[in-house]
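What follows is one structure encoded as structure tokens, with my remarks underneath.
Chain A is the first sequence line, chain B the second, and so forth, proteins listed ahead of strands; every chain is numbered from 1. A quick note: this is a predicted structure, and the numbers were derived from the prediction, not measured.
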Amino acid sequence: MPDSHRYTAELANHIEPAWQSRWAELGIDRQPNPGEEGFDASKPRYYCLDMFPYPSGAGLHVGHPEGYTATDIICRYKRMKGFNVLHPMGWDAFGLPAEQYAIQTGVHPAETTRTAIDNFRRQLQRFGFCYDWSREFGTIDEDYYKWTQWIFLKLYDSWLDTDRGDHGAGRSIDELITEFESGDREIRFNPDAAEIPTHLKSQSYDDWSSLDAGVQRDIIDSYRLAYIGEQTVNWCPKLGTALANEEVIDGKSERGGFPVFRKPLRQWMLRITAYAERLLFDLDGLDWPESTLTQQREWIGRSEGAEIDFEIADPPMGVDSTLLRVFTTRPDTIFGATYMVVAPEHPLVDAVLADPRETTDAAALREYVEWARNRSDVERLEGKEKTGKPTGLEAINPATGQRIPIWTADYVLAGYGSGAIMAVPAHDQRDFEFAQEFELPIRDVVYPVQVAAMAHFAAHAPDDTVAGDWRNALADLLGLVTARGSTPADFDSLLAVATSRRRASGNAPDGKAERRGAISGEWLDTVRSLEVETFDEFAELFRDAAYYEAEGGAFSGTGRLVNSSNTQVSLNGLTIPEAKGATLKWLEHSGVGRRKINHKLRDWLFSRQRYWGEPFPIVYDDQGRHHPVAESALPITLPPMTDYKPEVSDEPKPLLAKATDWIRTTAADAHAVGLDPDAKVTRESNTMPGWAGSCWYHLRYTDPANNAAFAGPDAESYWLGEGPNREPGVDLYVGGAEHAVLHLLYARFWHKVLYDLGYVSSNEPYRKLYHQGLILSHAYQRADKSLVPVDEVEERGENNPVETATGEPVTQIIAKMSKSLRNVVNPDDVIAEYGADTFRLYEMYMGPLDQQKPWDTRAIGGMFRFLKETWRLVIDEDTGAPRTTDTADESLKKLLHRTTEKVGGDIERLAFNTAIAAMIEFKNAAQAIEKQAAEKQAGTAALTADQIDRLMRLLAPFAPHLAEEVWHRLGLFDARGPVHTQAWPTFDPAMLADDEIEIPVQIMGKVRGRITIPADADTKTMEQLALADDRIAELLANKTVRKVIAVPKRMVNIVAN
RNA sequence: GGGCCCGUGGCGGAACUGGCAGACGCGGCGGACUUAAAAUCCGCUUCCCGGUGACGGGAGUGGGGGUUCGAGCCCCCCCGGGCCCACCA
């Protein structure tokens, strides 16, 4: 114990670890499960989850404790409010960085990861976070990844039955086979399987038992949620692995920023696209940040349209089909399709290269296709100029009957739709640019009617009025009407508004405005010729017209169809929505096309060619067919290896393939299902991606030691299910916004599959989500925008930072913390200097939790002072004894009730900064009272023992150690136990309001005086009091009071002139 | 190019539903203590004008307009910044 009883860093660093061990001894953070000793079923549940960290060798960053302190405060508060609180922590420990570190150092990643975990745990525990450490686990623990593998087997053994529920439901593969056998289900390949060629999907088979076993197997595999697909993936040679779409940012790997190339590969895929609609529509019920919901919606990228089959005029040999299938959201423009484009990866391109037409420049085509296929994504993103080559093939436009050329171009993506489009250059900007580049024909089929209307107006307008004036007038009008929030019922009233407005402002010397009003009859005729009925429609037309005039190019606005008729259908004169309907009807009737919903979301590439991940519970027989491993044989552990270096190569070589003894085994040894025990098998040598472990950790926390299941049903349903006083899903999930699509989408997918299969009791894993903002740092920038490390800058005078070496002035900016800028803050250093309580308080006080904010080393002192002064208020610094008074100050009494209400309310809405501000205000008020008292009698305390008791309970979630120490010194720890197990203080609503309040009196909206009124004064009383005020009466002396607005408890406003 | 979010003192921010703009903290200035500095304590601190002064007047939440008795908050246009997506037919 330090000699003095002052609150110093030394004292904080003494009491904090001491209380941490005491709490651990008492087990106050242990939350029992239902059925366990000490579980109280009468309490409501609160499951509060932090995104678990990836334990890097660098240790904790200041960003980690931000979210963790926030959840710690909420959990302590909820616990004091009488909840059963589940607040766990663990480690997301498989992944690339550990492996790359292993490559550099030669130390096994398990070893470095365990060291990093120990360091992370020590750092987190030093903050005093109230995690239930008895539930801790890492994704690398064998008894954890055993269940990750188990879930993979469930995905492997499941399919999505699209007939169940609104958007399908997962079921077991056995049930599918039963339905095929019994004839209850049409026997065919999965029509939604992206990896199955179109011609196979259109077939159907009569009798299951008579089918060849290989065909049966292929059909079944096409339904599995985990399947092997050969498709174009993101190949990163530097990392030696393929990556998921979500892991590629701007054409570079998310980890490391290395270039990524597209490459066809045979890999494990998860059929997340089957759940696209569920993942989209279920977002509606979630309490998530709007930006994250939007990102997920956009990533899923639903679009409604049609698929249309174009006949290939003279198909090359060896094509699967003589039809070229396209997806379009604009089937109404089919008469405008003047050419077609297929992706360079499209099978038709290979077919034509093998069997070129007379018109094909095969050499040029081959060269282009190879160039396009091997182009890295970065290169692709750089130049968006259109490139392409004709295939020499032609297709027949089913609407016009015309032969149109088929091109290949890389602006058409292989992975979306069918990798082929009908190009309508008149109404799609990309097609327009391509058509211009290669001089392809453009055929207008949608006529923008407003262009005609404007031309009409220009023709009929008075000589000195041009269409531009008309447009300006309308622009004003749009603003006016929209601002009013009302929409004129018809255009006569619209016009009336316009006319009166023009007249009212018609003081222009040349009388021009007057004339504008006078042409209103013309407007009306023009507007009527547009045949629109609502104001919104009108506004849209106007904006489209303005765009069309300004931009040129393809017209994608509102209009009516022209040039669109054949012997079977005529779209002429129809609006776009009408034309879409008519086209679809005709397409479906003639069998050339049908309605189709497409998603941007692709299936999830699940194989990584790396070492440090979960092995797949899969083996291959000598035919190369995959077989699952028995559940009883899990976990499949990683073989020991010493060399983790990937070969930098264009061909993927899984690292585990080097472990030949492990790879080559027998069915019996591997516990493969359904194979002869002596059969030679090869283990899957890929590993799962880092995301696998984080997809279900929220489930494992509910029952982490369970050996019989990933979680026991009672524990799982209590913590995640719906109940009398609980809603389904994790009650609060806090973590970084960088996971908006990746982890959060994957975890939702797994959770939904497990829900469908009856293993979990909530449809969604995380009901409420919150993102903490990034903690940034200050940095300096030279005039040329280059950055200067902070230690190479000095302040010369006020707000005048200069670069030490050159003396050149630099500007202070806000940037991410980085080693190169030498502005990284190490949490251990801050704790040594101020203690954990100050650190916690500072990070919570910086600003709103979800906002990014710069770290300001100087400002930490403010929070340290707050704690120090609070301490001094209640503890005698000479003796260390509590300082109390017997008589409570009236105003402080009230303020404490108000503070109690404010702090509780602010915690509920995660506004910790204002909660702390309220406590500082209370401290300031108490200090002022103490000073007053000291003038009469030295050494007088401000607070009663009861008030300190309450104050410490308020402070406990924020500064748990200081609160406990004061609590202890008051003798309350011995009498009632730790402050953290006490009830949250209550407040008396009667104490919140004053009897009398001071309110402002305004004249014409400006504050001119103040009056004191009874708090419950009605508007009449307030008005009388206001008018009776001397100063107000004086100011109103020569004025007539027109109106008085009095708002109870707020203000009085007098309208007078 | 598209979407989402945000612009408030020297700085971080507060103002929860349209009702006293700038709570609280940092920094700064002045003072006390000290040989001195640090630490600590006290006072002031949006800007401009007037007054020795308690005070009075004016402007003010990126800019312009609108709605309202009243706008940081609602509506329209513009400017600036951030994040995400990006040839998805």
With respect to the phosphate group of [N], does any side-chain polar atom (N or O) of [X] fall under 4.0 Å of OP1 or OP2?
{"X": "A/Arg872", "N": "B/rC41", "answer": "yes"}
{"X": "A/Gln851", "N": "B/rG13", "answer": "yes"}
{"X": "A/Ser303", "N": "B/rA89", "answer": "yes"}
{"X": "A/Lys868", "N": "B/rU40", "answer": "yes"}

Whole-Å distance between [N] [atom2] and [X] [atom1]?
{"X": "A/Leu324", "N": "B/rA89", "atom1": "CG", "atom2": "C1'", "answer": "13 Å"}
{"X": "A/Ile1054", "N": "B/rU68", "atom1": "CD1", "atom2": "C1'", "answer": "18 Å"}
{"X": "A/Arg1008", "N": "B/rG19", "atom1": "CZ", "atom2": "C1'", "answer": "17 Å"}
{"X": "A/Glu10", "N": "B/rA39", "atom1": "CD", "atom2": "P", "answer": "19 Å"}
{"X": "A/Gln295", "N": "B/rC5", "atom1": "CD", "atom2": "C1'", "answer": "11 Å"}
{"X": "A/Phe866", "N": "B/rC24", "atom1": "CZ", "atom2": "P", "answer": "13 Å"}
{"X": "A/Met846", "N": "B/rC11", "atom1": "CE", "atom2": "P", "answer": "16 Å"}
{"X": "A/Ile907", "N": "B/rC16", "atom1": "CD1", "atom2": "C1'", "answer": "16 Å"}

Please classify the nucleic acid contact of [X] as base, sugar-phosphate, or nothing, using heavy-atom distances under 4.0 Å.
{"X": "A/Val1047", "value": "base"}
{"X": "A/Ala917", "value": "base"}
{"X": "A/Ile421", "value": "base"}
{"X": "A/Arg865", "value": "sugar-phosphate"}
{"X": "A/Arg302", "value": "nothing"}
{"X": "A/Glu290", "value": "nothing"}
{"X": "A/Asn1053", "value": "base"}
{"X": "A/Lys1049", "value": "nothing"}
{"X": "A/Arg602", "value": "base"}
{"X": "A/Met1051", "value": "base"}

Option from A/Trp855, A/Phe866, A/Phe864 for which ring pair (Phe, Tyr, Trp, His ring centres under 6.0 Å) with A/Tyr842 holds: A/Trp855

Is a salt bridge present between A/Glu307 and A/Arg594, judged by a nitrogen-to-oxygen distance below 4.0 Å? yes

Pairing donors with acceptors under 3.5 angstrom, does anything connect the side chains of [X] and [Y]?
{"X": "A/Thr273", "Y": "A/His599", "answer": "no"}
{"X": "A/Thr408", "Y": "A/Tyr368", "answer": "no"}
{"X": "A/Asp332", "Y": "A/Thr583", "answer": "no"}

Pairwise [atom1] distance, [M] and [N] [rounded to whole Å]:
{"N": "B/rU17", "M": "B/rG28", "atom1": "P", "answer": "36 Å"}
{"N": "B/rC79", "M": "B/rC20", "atom1": "P", "answer": "33 Å"}
{"N": "B/rC29", "M": "B/rA37", "atom1": "P", "answer": "14 Å"}
{"N": "B/rC41", "M": "B/rU52", "atom1": "P", "answer": "35 Å"}
{"N": "B/rA71", "M": "B/rG64", "atom1": "P", "answer": "15 Å"}
{"N": "B/rG58", "M": "B/rU8", "atom1": "P", "answer": "26 Å"}
{"N": "B/rC74", "M": "B/rG7", "atom1": "P", "answer": "10 Å"}
{"N": "B/rG25", "M": "B/rU45", "atom1": "P", "answer": "14 Å"}

Between [options], which nucleotide has the shortest distance from any of its atoms to the side chain of [X]?
{"X": "A/Asn913", "options": "B/rC20, B/rC84, B/rA14", "result": "B/rA14"}
{"X": "A/Tyr411", "options": "B/rC41, B/rG12, B/rC87", "result": "B/rC87"}
{"X": "A/Tyr845", "options": "B/rC84, B/rC24, B/rA89", "result": "B/rC24"}
{"X": "A/Trp299", "options": "B/rA89, B/rC85, B/rG13", "result": "B/rC85"}

If you assign each of A/Glu869 and A/Ile860 to its closest nucleotide in RNA chain B, which residue comes earlier from the 5' end? A/Ile860

Reading RNA chain B from 5' onward, which residue's closest nucleotide shows up sooner: A/Pro854 or A/Asn924? A/Pro854

Please check this pair: side chain of A/Thr899 against backbone of A/Met919, looking for a donor-acceptor N/O pair closer than 3.5 Å. no

Cation over ring face, A/Lys386 and A/Phe434, 6.0 Å, 45°: no

Taking side chain as C-beta onward, heavy atoms only, is A/Val830 less than 4.5 Å from A/Ile860? yes

Syn or anti for B/rG9? Use the chi torsion, O4'-C1'-N9-C4 for purines and O4'-C1'-N1-C2 for pyrimidines, with syn inside 90° of 0. syn

